[in-house]
Trainee: 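The structure is given below, and queries will be raised subsequently.
Residue numbers start at 1 and run along the sequence shown. Please read all numbers here as calculations on a predicted model, not as lab measurements.
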Amino acid sequence: MPHRIYHTDAIVLAALPRGEADRAYDLYTRELGCVRADARSIRREASRLRYALQTFAHAEVDLVRGKRGWRITSARPVDLHRAAWGDPRRRVVLAAIARLVLRLVQGEGADPELHAALVREIALLADTPLEPDALADRECVALVRILSALGYWDALGEWGYIVDHALDDASVLARVRTERRALIGKINAILKETQL
């Protein structure tokens with residue numbers, strides 16, 4: 001019986017080595033939500049998948065569900081956001097975003113709003129200056145927008161302006177800089193309440 005191939009847009013959140021040449025990936029996909037999928041022989045030099053599936057890359061992937069779970073059969077880069085994940089300071093912010101998603105999203109289930117938020121925030125991070133305050137502001141905004149997409153953040157409350165996409169991003173970041181300490185406290189309180 002042939003397996004169904006799922007063609008979907010994905011963000012690579014994490015990668016774990018498996019065996020000698022394989023790797024398991026945590027992907028956030030548009031159609032399936034959070035998926036752990038294996039890629040065989042990807043750590044070999046000849047693998048064509050390895051460049052499309054670098055951590056934090058945005059790719060189109062083909063997935064097949066087998067007896068042992070999901071398997072990646074092909075991948076093509078949409079946008080690698082090299083400027084974002086190539087610098088260690090930006091990778092710290094990307095890792096915080098990935099940890100938040102992996103912590104709060106349990107199992108599969110499509111959430112196009114969250115997928116769009118991830119794509120948008122990773123792209124914006126690629127254009128963020130490498131100054132510590134600018135990166136801290138961007139991280140705060142990204143975490144709030146992801147919490148909002150997941151339903152944990154009140155988009156109409158005191159800090160609703162952060163998730164209002166009609167506002168200019170620069171003005172949002174300027175306001176966040178003055179309120180960042182309080183926002184971090186609110187983010188931490190929400191995470192504590194989730195008990196995850």
Trainee: Between Ile146 and Trp153, is the side chain to side chain contact (heavy atoms under 4.5 Å, CB included) condition met? List the steps.
Mentor: CA-CA 9 Å; Ile146 289 166; Trp153 192 272; over 6 Å; no

Trainee: Is the shortest side-chain heavy-atom distance between Asn188 and Ile184 below 4.5 Å?
Mentor: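 A side-chain contact under 4.5 Å exists here.
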
Trainee: How close do Leu143 and Ile97 get, heavy atom to heavy atom, and via which atoms?
Mentor: CD2-CA, 4.2 Å

Trainee: Write down the atom of Cys140, the atom of Arg180, and the distance for their closest heavy-atom approach.
Mentor: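 The pair with the smallest heavy-atom distance is SG-CG, 4.1 Å.
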
Trainee: When Ile, Leu, Val, Met, Phe, Trp and Tyr are grouped by side-chain heavy atoms lying under 4.5 Å apart, directly or through other members, which residues fall in the same group as Val64?
Mentor: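 Ile5, all in the cluster of Val64.
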
Trainee: Where is the tightest heavy-atom contact between Arg89 and Leu130, given as atom of each residue plus distance?
Mentor: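 Nearest heavy atoms, Arg89 then Leu130: NH2-CD1, 3.1 Å.
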
Trainee: With a 4.5 Å heavy-atom cut-off, do Leu104 and Leu147 have their side chains touching?
Mentor: yes

Trainee: Measure the spacing between CD of Gln54 and OH of Tyr25 and express it to the nearest 0.5 Å.
Mentor: 8.5 Å

Trainee: In the structure I gave you, are the side-chain heavy atoms of Asp169 and Arg138 within less than 4.5 Å of one another anywhere?
Mentor: yes

Trainee: State, with a plain yes or no, whether a side-chain heavy atom of Glu31 is found less than 4.5 Å away from one of His7.
Mentor: no

Trainee: To the nearest 0.5 Å, how far apart are OG1 in Thr73 and CG in Leu63?
Mentor: 7.0 Å

Trainee: Would you give the length of the straight line joining atom CG of Leu27 to atom CD1 of Ile11, rounded to the nearest 0.5 angstrom?
Mentor: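 It is 9.5 Å, given to the nearest 0.5 Å.
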
Trainee: Which atoms form the tightest heavy-atom contact between Ala52 and Ala57, and what is the distance?
Mentor: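 Looking at all heavy atoms of both residues, the closest pair is O-CB, 3.6 Å.
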
Trainee: Write down the atom of Phe56, the atom of Leu13, and the distance for their closest heavy-atom approach.
Mentor: CE2-O, 3.9 Å

Trainee: Within the distance-only criterion (no hydrogens, no angle test), does the side chain of Arg90 pair as donor or acceptor with the backbone N or O of Leu125 below 3.5 angstrom?
Mentor: yes

Trainee: Would you indicate whether the side-chain heavy atoms of Val172 and Arg145 approach each other to under 4.5 Å?
Mentor: yes

Trainee: The criterion is side-chain contact (heavy atoms from CB on, under 4.5 Å); which residues satisfy it with Arg175, sequence neighbours excluded?
Mentor: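 Applying side-chain contact (heavy atoms from CB on, under 4.5 Å) to Arg175 gives Tyr161.
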
Trainee: Please identify each residue that fulfils side-chain contact (heavy atoms from CB on, under 4.5 Å) with Ala96, with sequence neighbours left out.
Mentor: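 So Ala96 forms a side-chain contact (heavy atoms from CB on, under 4.5 Å) with Arg99, Glu139.
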
Trainee: Hey, what's the ring geometry for Trp70 with Tyr6, parallel, tilted or perpendicular (30° and 60° as the breaks)?
Mentor: perpendicular

Trainee: More than 12 heavy atoms of other residues, nucleotides or ligands under 6.0 Å from CZ of Arg120: yes or no?
Mentor: yes

Trainee: Does any non-hydrogen side-chain atom of Asp111 lie less than 4.5 Å from one of Val105?
Mentor: no

Trainee: Looking at every non-hydrogen atom in both residues, tell me the closest pair between Asp22 and Ile42 and how far apart they are.
Mentor: C-CG2, 4.3 Å

Trainee: Is there side-chain contact between Arg36 and Leu16, with at least one heavy-atom pair below 4.5 Å?
Mentor: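 Heavy-atom side-chain distance check passes, below 4.5 Å.
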
Trainee: Is there a chain of hydrophobic side chains (I, L, V, M, F, W, Y, each step under 4.5 Å between heavy atoms) that links Leu124 to Leu94?
Mentor: no

Trainee: First locate atom OG1 of Thr8, then atom CG of Leu32, and finally report the distance between them rounded to the nearest 0.5 Å.
Mentor: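 Reported value, rounded in 0.5 Å steps: 5.5 Å.
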
Trainee: How long is the straight-line distance from OG1 of Thr128 back to CG of Leu135, given to the nearest 0.5 Å?
Mentor: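 Taking CG in Leu135 and OG1 in Thr128, the distance rounds to 6.5 Å.
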
Trainee: If you round to the nearest 0.5 Å, how far is CD of Glu179 from CD of Glu158?
Mentor: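 One finds 6.5 Å between CD of Glu158 and CD of Glu179.
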
Trainee: Test side chain to side chain contact (heavy atoms under 4.5 Å, CB included) on Arg91 and Thr55; report intermediate values, then the result.
Mentor: CA-CA 9 Å; Arg91 285 186 70 83; Thr55 310; 4.2 Å; yes

Trainee: Indicate yes or no: at least one non-hydrogen side-chain atom of Tyr152 is less than 4.5 angstrom from one of Glu193.
Mentor: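 Tyr152 does not reach Glu193 side chain to side chain.
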
Trainee: Would you please test His58 and Leu118 for side chain to side chain contact (heavy atoms under 4.5 Å, CB included) and show each step?
Mentor: CA-CA 10 Å; His58 181 193; Leu118 283 170; over 6 Å; no

Trainee: Could you please spell out the steps behind the side chain to side chain contact (heavy atoms under 4.5 Å, CB included) verdict for Leu191 and Arg103?
Mentor: CA-CA 9 Å; Leu191 293 177; Arg103 178 178 176 176; 4.0 Å; yes

